[in-house]
Amino acid sequence: MADARMYVIGDREEGLILVKTNPLKLVTIPKAQIETYAKANGKSYDEVLGLLAARTRKAVNLGQSNPPPLPDDDAFFESIGFTVRNGGSVTEAEFCFIAEIDNALYSSIRVRIDPIKTALHKLNTAQPPVEEVGLDPTSTTSAP
């Protein structure tokens with residue numbers, strides 16, 4: 001049963017904003033952090049923004065107690081990233097996902113999703129209510 005909502009907003013000009021309710025927590029990954037991560041990993045800003053779109057959609061999908069009828073495979077999530085990476089939008093922002101989530105289920109999946117594990121972990125802490133974080137260092141995992 002869902003006991004919280006999660007909002008993910010990707011904005012090419014600002015970066016990534018993650019908002020989770022119950023308790024209310026907002027985490028940002030600003031554009032400068034994304035640019036730093038992109039440079040360190042030999043990728044373009046748009047490639048990393050696409051990666052974040054794919055990974056956050058997967059995080060939202062995995063955290064839902066009753067997810068919408070979306071394919072649960074990497075190709076689907078990567079197609080979202082491909083759209084954003086190539087200048088498209090999934091919503092009026094570069095990407096935005098809103099979901100009612102199960103906090104216990106969310107807690108169990110948040111540590112598995114690179115490069116946003118730290119940001120997802122911080123969403124589950126109550127203090128401070130607004131916090132800026134960077135992306136996790138590159139891992140050997142390539143799957144979304």
Gap separating the [atom1] atom of [X] from the [atom2] atom of [Y], nearest 0.5 angstrom:
X	Y	atom1	atom2	value
Asp114	Asp136	CG	CG	6.0 Å
Ile29	Lys122	CD1	NZ	11.5 Å
Leu52	Tyr37	CG	OH	8.0 Å
Leu16	Phe95	CG	CZ	4.5 Å
Thr56	Ile17	OG1	CD1	12.0 Å
Ser44	Ile34	OG	CD1	11.5 Å

Given side chains that start at C-beta, do those of [X] and [Y] come closer than 4.5 Å, heavy atoms only?
X	Y	result
Val84	Arg12	yes
Val19	Arg5	no
Ile116	Leu18	no
Thr21	Tyr7	yes
Gln33	Leu135	no
Glu35	Val48	no

Side-chain (Arg85) to main-chain (Leu51) donor-acceptor, under 3.5 angstrom = no
Without swapping roles, check the side chain of Arg57 against the backbone of Gly81 for a donor-acceptor pair under 3.5 Å.
-> no
Considering residues at least two apart in sequence or located in another chain, which fulfil the side chain to side chain donor-acceptor pair (under 3.5 Å) criterion with Asp102?
-> none
Only counting residues at least two apart or in another chain, list the ones meeting side chain to side chain donor-acceptor pair (under 3.5 Å) with Asn22.
-> none
Are Leu24 and Ile9 joined in one hydrophobic group, where the rule is that I, L, V, M, F, W and Y side chains link up if heavy atoms are under 4.5 Å apart?
-> yes
Could you walk me through whether Met6 and Leu120 pass side-chain contact (heavy atoms from CB on, under 4.5 Å), step by step?
-> CA-CA 11 Å; Met6 185 168 177; Leu120 293 172; 3.9 Å; yes
Applying side chain to side chain contact (heavy atoms under 4.5 Å, CB included) to Glu14 and not counting sequence neighbours gives Asp11
Is the NZ atom of Lys43 crowded by more than 12 outside heavy atoms at less than 6.0 Å?
-> no
